[in-house]
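Here is the structure we will look at, set down as structure tokens.
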There are 2 protein chains.
Amino acid sequence: MADAPVWSDHVQAVLARAGLKRGGARQRVIELLAREPCALSAVEIEDALRAEGKPTGRASIYRVLDLLVDHGLVERVAVGPGQARFERMHPSGEHHHHLVCDQCGRLVAFDDPALEQAIGDLSERLGVRVEHHDVVLRGACERCE
Amino acid sequence: MADAPVWSDHVQAVLARAGLKRGGARQRVIELLAREPCALSAVEIEDALRAEGKPTGRASIYRVLDLLVDHGLVERVAVGPGQARFERMHPSGEHHHHLVCDQCGRLVAFDDPALEQAIGDLSERLGVRVEHHDVVLRGACERCE
DNA sequence: CCACAAATGAGACTGAGTCTCGGAGTTATT
DNA sequence: AATAACTCCGAGACTCAGTCTCATTTGTGG
């Protein structure tokens, strides 16, 4: 987690540059995401903040998440229908994807250059502009196999 | 759509082999999916059946879709949070993925051997068993660029 | 310190999806 | 064809993630 402080500084910088003010709810959400490594749902964020004694309005949480997604600071990961998950995104564009274990529900992160390459080539072949891509694998993680 | 009748026959065969009975709601949903090529949402299915004068209970539609997904006859595609989409799946395992256009919302289907290859390699490298994978691209389709 | 814009939160609302349970339909057996 | 033993179906209540509204609070440039 050595990069977490860097990420939150980056977030503050981007938001300040956009002329936005600072508010309590936003700070709390950013702080939590900086601390947690991977794919929290909005409900988990709400619960975690309440558990820390910093209850925060649902509307604010969704607002902050939308804001961060719009500024490319957080990525929305659709691991399944019914609940979106969010995780911080690095300015470098470096990112990873997920495998959802059908047995234990665990989320395993991975990255793969060949996969990124294939997706990059695709945008040219199809004549479209690809802004963003989601890859979710489903199966059994090494612990459950 | 020359393969649609083949698909619905295949569905009937698989379900019969599983010792299931035939019922009206199930027939209607299968018939509709056989006719429609790509990624319908449950709500669209409900509306389409009602528009054809064959209103069908919501619970039945979800039941049938779950059943078909369980038997590998239909694929659940998560194009975004808040609404799952379903499309028929061929026994050969041949399938495609989707690009969602951020401007017009259109769904563009594509397939790509390099992508499949990369995902196939991945399961070995990670030491997991990948049963299923979802790839969703987001961007601008050639019409909106 | 003040004014004003931005941020917040309580809670009503929406809409996809689930659950329940009584009744209808299907099939095997005779 | 009648019966019995199933499975299947549908109306509608319910759940729950996410959205919207609007009155109030808070941060900040001047």
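Residue numbering restarts at 1 for every chain, and letters A, B, ... go by the order of the sequence lines. No experiment lies behind these values; they were computed from the predicted model shown.
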**Least distance between heavy atoms, A/Ala39 atom then A/Glu44 atom** = O-OE1, 4.1 Å
**Message:** In this structure, would B/Val69 and A/Val136 fall into the same cluster of hydrophobic residues linked by side-chain contacts under 4.5 Å?
**Reply:** no
**Request:** Walk along DNA chain C from 5' to 3' and tell me the first and last nucleotide with an atom closer than 4.0 Å to a non-hydrogen atom of chain B.
**Result:** C/dA16 to C/dT27
**Prompt:** Residues in salt bridge (charged side-chain N to carboxylate O under 4.0 Å, His left out) with B/Arg125, at least two apart?
**Reply:** A/Asp112
**Message:** Among residues 19-31 of chain B, which ones have heavy-atom contacts with DNA chain D below 4.0 Å?
**Reply:** B/Leu20, B/Lys21, B/Gly23, B/Gly24, B/Ala25, B/Arg26, B/Arg28
**Item:** Whole angstrom value for the distance that separates P of D/dC16 from CD1 of A/Ile61
**Value:** 17 Å
**Message:** Quick check on A/Arg22: does its CZ atom have over 12 non-hydrogen neighbours (other residues, nucleotides or ligands) under 6.0 Å away?
**Reply:** no
**Request:** Write down the distance between CZ (B/Arg50) and P (D/dG10), rounded to a whole number of angstrom.
**Result:** 12 Å
**Item:** Length of the line joining A/Arg85:CZ and D/dG18:P, which is rounded to integer Å
**Value:** 10 Å
**Asked** Are A/His90 and A/His10 close enough that their ring centres sit under 6.0 Å apart?
**Response** no
**Item:** Gap between atoms CD and C1', on B/Gln83 and D/dA17 respectively (whole Å)
**Value:** 14 Å
**Prompt:** Do A/His95 and A/His132 have their ring centres less than 6.0 Å from each other?
**Reply:** no
**Request:** Before giving the answer on side chain to side chain donor-acceptor pair (under 3.5 Å), spell out for B/Glu75 and B/His96 the whole-Å C-alpha distance, their side-chain angles and the decisive distance to 0.1 Å.
**Result:** CA-CA 10 Å; B/Glu75 187 179 8; B/His96 58 252; over 6 Å; no
**Message:** Tell me whether B/Arg63 is salt-bridged to B/Asp66, with the criterion being a basic N under 4.0 Å from an acidic carboxylate O.
**Reply:** no
**Request:** For B/Thr56, answer base if it contacts any base atom (sugar-phosphate contacts may also be present), sugar-phosphate if it contacts only those atoms, and nothing otherwise; contact means non-hydrogen atoms under 4.0 Å.
**Result:** sugar-phosphate
**Asked** To the nearest Å, how far apart are A/Arg76 CZ and D/dA17 P?
**Response** 15 Å
**Whole-Å distance separating the CD1 atom of A/Ile45 from the P atom of D/dG18** = 10 Å
**Asked** Once you round it to whole Å, what is the distance between C1' of D/dC16 and CG of A/Asp47?
**Response** 12 Å
**Message:** Can you tell me how far apart CG (B/Leu67) and CD1 (B/Ile30) are? Round to the nearest 0.5 Å.
**Reply:** 8.0 Å
**Prompt:** Mapping A/Leu67 and B/Ala59 to their closest nucleotides on DNA chain C, which lands nearer the 5' end?
**Reply:** A/Leu67
